[in-house]
Amino acid sequence: MEWPMKQVYEKLLQHFGPQHWWPGQSPFEVAVGAILTQNTNWRNVERAIGNLKAAGKLGPKAIASTPIEQLSELIRPAGYYRQKAKRLQNFARWLLQRYEGSIERMAEQDCQQLREELLALSGIGPETADSILLYAAGKLSFVVDAYTLRVAVRHGWVEPEVSYEELKQYFEERLPAELDIYNEMHALLVQVGKQFCQRRRPLCDSCPLRPVLPATGPYEPWSE
DNA sequence: TGCCAGGCCGGGT
DNA sequence: ACCCGGCATGGC
């Protein structure tokens, strides 16, 4: 079987190895991480989650009922902590009311329907929604982020002005409908982005994708 | 030391 | 329908 991005995928897998993002944690913890990592380094998120765990507050009921001041202090290392405390409570209270606090129950819902429900929550935008759908609920929803965009633009796959939904569709059309591929591909794109497509710098010559690219167009300098 | 990190919201054009 | 300022900590 062949699919359009297979060569890219295997090149990345060979270079970086399996990323297995968000493994072995509860689905709710994954969702919390998705909110906390908004525009934030993952290391800071780990501290915040560690604080929540140590305080026994890593569940929907605890998040929903803990006073906002206390909650925000616990997640402080993740930055934007007052906003994010609110966003966590929004999500937790919605999950309790709508799905009995159960991500598994939530995951019984149809993907598109669920995506709309998540997007309707204040504090959950397209990337956070797709991260929750893919990594917590096990839905086939490809995740696009700043790195995904940068990698795709630097390699001339898409125009810099492409919208979130368009870029998401670009990948979904070129990948097989498999959770593991969606999962790994997104994580691998982040890795290659971090290492070879940094901001304010031209595409690195040693990018592992260089040799396999058909060079569909001129490498755009670094407009995003 | 400034710049950046796995965004999103609300108000303004 | 975009555009922008604000939000905040920790690492390099």
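Each chain gets a letter, A, B and so on, in the order the sequences are listed, and its residues count up from 1. Heavy-atom basis, side chains included; hydrogens, waters and symmetry copies ignored.
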Open item on the list: Looking at C:dT9, I'd like to know if its phosphate oxygens (OP1 or OP2) sit under 4.0 Å from a side-chain N or O belonging to A:Y81.
Closed with: yes
Open item on the list: B:dA5, OP1 or OP2 - any side-chain N/O from A:N41 closer than 4.0 Å?
Closed with: no
Open item on the list: Taking any heavy-atom pair under 4.0 Å as a contact, classify A:L121: base, sugar-phosphate, or nothing.
Closed with: sugar-phosphate
Open item on the list: With a cut-off of less than 4.0 Å, is there a side-chain N or O of A:K84 near OP1 or OP2 of C:dA8?
Closed with: no
TODO: Would you please confirm or rule out a distance under 4.0 Å between OP1 or OP2 of C:dT9 and any side-chain N or O of A:R76?
DONE: yes
Open item on the list: Using OP1 and OP2 only, check whether a side-chain N or O of A:R150 sits under 4.0 Å from B:dA5.
Closed with: yes
Task: Nearest-0.5 Å distance, CD1 of residue A:I181 to CG of residue A:L140 - done: 10.5 Å
Task: Quiz item: A:Q83 side-chain donor-acceptor pair to C:dC7 base, under 3.5 Å - done: yes
Task: Whether A:Y9 and A:W3 hold their rings parallel, tilted or perpendicular, with breakpoints at 30° and 60° - done: tilted
Open item on the list: Heavy-atom nearest nucleotide on DNA chain B for A:G123 versus A:R43: which residue maps closer to 5'?
Closed with: A:R43
- [ ] Please answer whether B:dA5 and A:Y147 are stacked, defined here as ring centres separated by less than 5.5 Å and planes angled under 30°.
- [x] no
Task: Parallel, tilted or perpendicular: rings of A:H186 and A:W21 (30°, 60°) - done: perpendicular
TODO: Please state how far atom NZ in A:K86 lies from atom C1' in C:dG6, giving the value in whole angstrom units.
DONE: 18 Å
Task: B:dG6 phosphate, OP1 or OP2, under 4.0 Å from A:S131 side-chain N/O - done: no
Open item on the list: Distance check needed: C:dA8 P versus A:N44 CG, whole Å only.
Closed with: 14 Å
Open item on the list: Less than 4.0 angstrom between a side-chain N/O of A:R47 and OP1 or OP2 of C:dG11, yes or no?
Closed with: yes
